[in-house]
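Every chain is numbered from 1 and lettered A, B, ... according to where its sequence line falls, protein lines coming before strand lines.
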Amino acid sequence: MLPRPPSFWPSRGPDGAAMPTEEELFAQRLAKREELARAGNPYPAVTARTHTASEAVAAFEAAEGSGQGAPVVTVAGRITALRRMGKTAFLDVRDGSGRVQVQGRADVLGEAFELLSLLDLGDFLEARGELFRTRTGEVTVSASEWRVLTKALRPLPEKWHGITDTEVRYRQRYLDLIANERSREIARIRADVVASIRRFFYERGFMEVDTPVLQEHAGGAAARPFVTHHNALDRDLFLRISLELHLKRLLIGGFDRVFELGRVFRNEGIDRRHNPEFTLLESYEAYADYLDVANMVEALLRRVAGEVGGSLQVQFGEHTVDLAAPFRRTTYRELLRDETGLDYVEYPDVASLRAAAAARGVRVEESASWGKVLDEVMSTLVEPKLIQPTFVFDYPAEFSPLAKRKADDPSIAERFELFAIGYELANAYSEQNDPVEQRERMREQASKQAGGDDEAEVADEDFLLALEYGMPPAGGLGIGVERLVMLMTGEASIREVILFPAMRERAGRDTGDDEAGDDEASDGGA
RNA sequence: GGGCCCGUAGCUCAGCGGUAGAGCAGUGGACUUUUAAUCCAUCGGUCCAGGGUUCGAAUCCCUGCGGGCCUACCA
């Protein structure tokens, strides 16, 4: 359960009525805050820190090694443990670099020692003093002076079980980060993955760009968009579902290598693998085709894994994913035939294909198109088996409207998807740059949409106009960053790799209390 | 959307038809080298919400809210 908002801030007064525990804890800390304020500002703007926690420890060890005197340091951080024992106290102080112990002694601190009783776990503290090593060997700051940098008003999660309630972990991620080392580690790995991706593309001469999130048409993928409204223009706009069509406009504009790491939004369900907003990496390279892109993706994954985890053998559950060996390469038709015995060229119409799918236990909606049925067979029967990185080349052109057809077989698109640990990691094409063909394909999709398929591509006339000016042949790539991070961390849920995953709206707060709180607030001046 | 599981103190959990519990945190006390400090004492509950069954409900039933997993949907 979540803490309630401090609607009780206007204290209910010392009427002796039993206060709820949480409120009582809050009130105690508020009182300590007041008392600290009498001795100085409990929220000063500047600190006099000279060393991070880990720097302080290192400085002492260096001095020790060279026989110099013990350094005097000022450290600052959050109090994560507090051991008071009569006339001595030990505090664990944690900052972004790590932890350092601070000792306070009555004979050194005098009156300031008594004020230590106003400290709680969670407060931020600054302490200055000489470093020494305790009897148990720990490098410690012997405080000659200290002050509070931030008084915390709510208690931190319990010190060794931490916080496990998944809901609280997601809704109050800061508590999760305080309590759970693993959550901090995942966040860092994600940051490292993104940084590594950027370095990779920079080194290859790609330019990073930003394209609009609010769009007239949400194109470039098949997904339901979010709709919003622009008041001044009095017009509905869509949140983008991909980056594709704007990046291609940049190829037309003359930038040969562009990429974007951008948030996209898809109005779909939420589950272990899907979050309504997620980060997409897309890159476009002129004068390259999808085979060039495949080679690049392989290099990219190795690079990221090497930089992030140091190993090209990535553990995922019971599986070890090997990124070092050349990735398996197969084709859509061959893979499907090998895994299910279904050769789709033998089923050119929906009815027969549907029957073949049903014979293999795959059932689809009545309205499903030929491509949809095929995709369903693939994703339920084949994709989950693709644990090791596997390139699947040459998708049916039917459901690849933005890809170029193969020169020797127009029923096939120059497209590949890369799979690992059972799901799609990357999707790439030799990009369709024939404006006539592209217009036909988009119109086809648009009629599907008119026919009730609200996830079909929309015809983006502005994009088609751009295409008519000529786009160089190019290889394009899309990678779901969260899925890549899941692979790199071994996490099975996308919510673990998104700091603030989408959650339902919180339940209405306890009846009556909010109104009462508001009344008190509005009556506050009376 | 469907199925299963969960919701008890600030945190982690026990209790599962008969007076609401433990550890940690808090408060008071002892303690000048602790580090899950220790020891003594103590405060703390809308048992998610609403309805029902029952002499009696945290416990059983129904509904709702929130969460998790599975499934469906999902380029």
Visitor: Should C55(B) form a Watson-Crick or G-U wobble pair with both distances under 3.5 Å, which nucleotide is its partner?
Guide: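 Pairing partner, where one exists within any strand: G18(B).
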Visitor: Are Arg415(A) and Tyr395(A) in a cation-pi contact, defined as NZ or CZ under 6.0 Å from the six-membered ring centre and within 45° of the axis?
Guide: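 Pair Arg415(A)/Tyr395(A) counts as cation-pi.
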Visitor: The side chain of Glu424(A) is closest to which nucleotide in this list: U33(B), A75(B), A37(B)?
Guide: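 Per side-chain heavy atoms of Glu424(A), the pick is A75(B).
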Visitor: Just so I know, are the side chains of Leu342(A) and Arg360(A) near enough to count as touching, which here means a heavy-atom distance under 4.5 Å?
Guide: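 Leu342(A) vs Arg360(A): side chains touch.
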Visitor: Take the protein atom CD1 of Ile178(A) and the nucleotide atom P of A25(B), then report the distance between them rounded to whole Å.
Guide: 17 Å
Visitor: As a test of reading the structure: which of U32(B), C43(B), G26(B) is closest to the side chain of Asp120(A), going by heavy atoms?
Guide: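 Nucleotide nearest to Asp120(A)'s side chain: G26(B).
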Visitor: Which of the following nucleotides, A75(B), U12(B), C74(B), is nearest to the side chain of His274(A)?
Guide: C74(B)
Visitor: Does Glu376(A) reach a base, just sugar-phosphate, or nothing at all? Heavy atoms under 4.0 Å.
Guide: sugar-phosphate
Visitor: Rounded to the nearest Å, what distance is computed from the CD atom of residue Glu114(A) to the P atom of nucleotide U32(B)?
Guide: 13 Å
Visitor: Counting Watson-Crick and G-U wobble pairs only, both distances under 3.5 Å, name the nucleotide matched with C73(B), or none.
Guide: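 Its partner: none found.
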Visitor: Kindly point out which of C11(B), U34(B), A25(B) is positioned nearest to the side chain of Glu138(A)?
Guide: U34(B)
Visitor: Using purine N1 to pyrimidine N3 plus N6-O4 or O6-N4 for Watson-Crick, or N1-O2 and O6-N3 for G-U wobble, both under 3.5 Å, which nucleotide pairs with C43(B)?
Guide: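 In the structure as shown, C43(B) has no Watson-Crick or wobble partner.
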Visitor: Counting only Watson-Crick pairs (N1-N3 plus N6-O4 or O6-N4) and G-U wobbles (N1-O2, O6-N3), all under 3.5 Å, who is the partner of C4(B)?
Guide: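 C4(B) is paired, partner G68(B).
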Visitor: Is Gly162(A) touching bases, backbone alone, or none of the nucleic acid, heavy atoms closer than 4.0 Å?
Guide: sugar-phosphate
Visitor: Expressed as a whole number of Å, how far does the C1' atom of C24(B) sit from that of A37(B)?
Guide: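 Roughly 14 Å separates the two C1' atoms.
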Visitor: Out of U32(B), U33(B), G66(B), which nucleotide sits closest to the side chain of Thr88(A)?
Guide: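 Selected nucleotide (nearest to the side chain): U32(B).
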Visitor: Using a strict threshold of under 4.0 Å (side-chain N to carboxylate O), is an ion pair present between Arg405(A) and Glu437(A)?
Guide: yes
Visitor: Is the phosphate of U34(B) approached by Arg135(A) (side-chain N or O, under 4.0 Å from OP1 or OP2)?
Guide: yes
Visitor: For Gln28(A) and G28(B), what is the distance between atoms CD and C1' respectively, to the nearest whole Å?
Guide: 12 Å
Visitor: Using the C1' atoms only, state how far G7(B) lies from A58(B), rounded to an integer number of Å.
Guide: 11 Å
Visitor: Can you tell me the distance, in whole Å, between the CZ atom of Arg105(A) and the C1' atom of C31(B)?
Guide: 14 Å
Visitor: Which whole number of Å gives the distance between the C1' atom of C55(B) and that of G26(B)?
Guide: 40 Å
Visitor: If we take the C1' atom in both C60(B) and G66(B), what is their distance in whole Å?
Guide: 22 Å
Visitor: Taking only residues two or more places apart in sequence, or in another chain, which ones meet Phe327(A) in a ring-ring contact (aromatic ring centres under 6.0 Å, His included)?
Guide: Phe391(A)
Visitor: Side chain of Lys32(A) only, please: which of U27(B), G67(B), A75(B) is the nearest?
Guide: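 From the listed options, U27(B) comes nearest.
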Visitor: Which sits closer to the 5' end of RNA chain B, Met503(A) or Tyr429(A), going by the nucleotide each is nearest to?
Guide: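 Residue closer to the 5' terminus by nearest nucleotide: Met503(A).
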Visitor: Without decimals, in angstroms, what is the distance between Ile270(A) CD1 and C74(B) P?
Guide: 16 Å
Visitor: Please measure how far the C1' atom in A72(B) lies from the corresponding atom in G3(B), and state the result in whole Å.
Guide: 11 Å
Visitor: So if I take every side-chain heavy atom of Thr140(A) and compare against G23(B), U34(B), C43(B), which nucleotide ends up nearest?
Guide: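 Within the option list, the nearest is U34(B).
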Visitor: Are any of the side-chain nitrogens in Arg169(A) or Glu496(A) under 4.0 Å away from the carboxylate oxygens of its partner?
Guide: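 Glu496(A) and Arg169(A): salt-bridged.
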Visitor: When the C1' atoms of U54(B) and U59(B) are compared, how many Å lie between them, rounded to an integer?
Guide: 13 Å
Visitor: Examine C69(B): is either OP1 or OP2 under 4.0 Å from a nitrogen or oxygen in the side chain of Arg272(A)? Give yes or no.
Guide: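 So the side chain of Arg272(A) is outside the cut-off, no N or O lying under 4.0 Å from OP1 or OP2 of C69(B).
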Visitor: For A30(B), does the base pair up with any side-chain atom of Arg84(A) as donor and acceptor (N or O, under 3.5 Å, distance only)?
Guide: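 In this structure, the two groups form no donor-acceptor pair.
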Visitor: I'd like to check the ring-ring contact (aromatic ring centres under 6.0 Å, His included) partners of Phe316(A); sequence neighbours left out, ordered by chain and number.
Guide: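 Result, ring-ring contact (aromatic ring centres under 6.0 Å, His included) vs Phe316(A): none returned.
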Visitor: Closest-nucleotide mapping onto RNA chain B: is His161(A) or Phe90(A) further toward the 5' terminus? I mean the 5' end.
Guide: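 With His161(A) and Phe90(A) compared, the 5'-side residue is His161(A).
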Visitor: Side-chain N or O of Arg83(A) less than 4.0 angstrom from OP1 or OP2 on U34(B)?
Guide: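 Checking Arg83(A) against U34(B): no side-chain N or O falls below 4.0 Å of OP1 or OP2.
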Visitor: Between the base of C73(B) and the side chain of Asp271(A), is there a donor and acceptor pair under 3.5 angstrom?
Guide: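 In this structure, the two groups form a donor-acceptor pair.
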Visitor: When rounded to the nearest Å, what value does the distance between C1' atoms of C65(B) and G29(B) take?
Guide: 45 Å
Visitor: Counting any heavy atom closer than 4.0 Å, what does Arg133(A) reach on the DNA or RNA strands: base, sugar-phosphate only, or nothing?
Guide: nothing
Visitor: Check Glu277(A) with Arg240(A), please: is the shortest side-chain N to carboxylate O separation under 4.0 Å?
Guide: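 A salt bridge is absent here (no side-chain N lies under 4.0 Å from a carboxylate O).
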Visitor: Give Phe113(A) one of three labels, base, sugar-phosphate or nothing, depending on what nucleic acid heavy atoms sit under 4.0 Å from its own.
Guide: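 Answer is nothing: Phe113(A) stays at 4.0 Å or more from every strand.
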Visitor: Do Glu444(A) and Arg441(A) sit within salt-bridge range, that is, some charged N less than 4.0 Å from a carboxylate O?
Guide: yes
Visitor: Considering every strand and a 4.0 Å limit on heavy-atom distances, what is the contact class for Gln101(A): base, sugar-phosphate, or nothing?
Guide: base
Visitor: Could you give the CZ-to-P distance, from Phe26(A) to U27(B), as a whole number of Å?
Guide: 15 Å
Visitor: If we take the P atom in both U8(B) and C48(B), what is their distance in whole Å?
Guide: 6 Å
Visitor: If the cut-off is 4.0 Å, is Thr164(A) near the phosphate of C13(B), judged by side-chain N/O to OP1 or OP2?
Guide: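 Checking C13(B) against Thr164(A), a side-chain N or O does come within under 4.0 Å of OP1 or OP2.
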Visitor: Heavy atoms only, 4.0 Å cut-off, all strands: where does Phe399(A) land among base, sugar-phosphate and nothing?
Guide: base
Visitor: Tell me whether the side-chain N/O atoms of Thr166(A) come closer than 4.0 Å to OP1 or OP2 in G67(B).
Guide: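 For Thr166(A), the contact criterion (side-chain N or O under 4.0 Å from OP1 or OP2 of G67(B)) is not met.
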Visitor: Measure from the side-chain heavy atoms of Met85(A) and tell me the nearest of C13(B), U33(B), C11(B).
Guide: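 Closest nucleotide to the Met85(A) side chain: U33(B).
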Visitor: Are Arg33(A) and Asp123(A) within salt-bridge range, i.e. N to O under 4.0 Å?
Guide: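 The answer is no: the pair does not qualify as a salt bridge.
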Visitor: Starting from C1' on C43(B), measure out to CD on Glu23(A) and report it in whole angstrom.
Guide: 15 Å
Visitor: Whole Å only: how far is the CZ atom of Arg169(A) from the P atom of G7(B)?
Guide: 18 Å
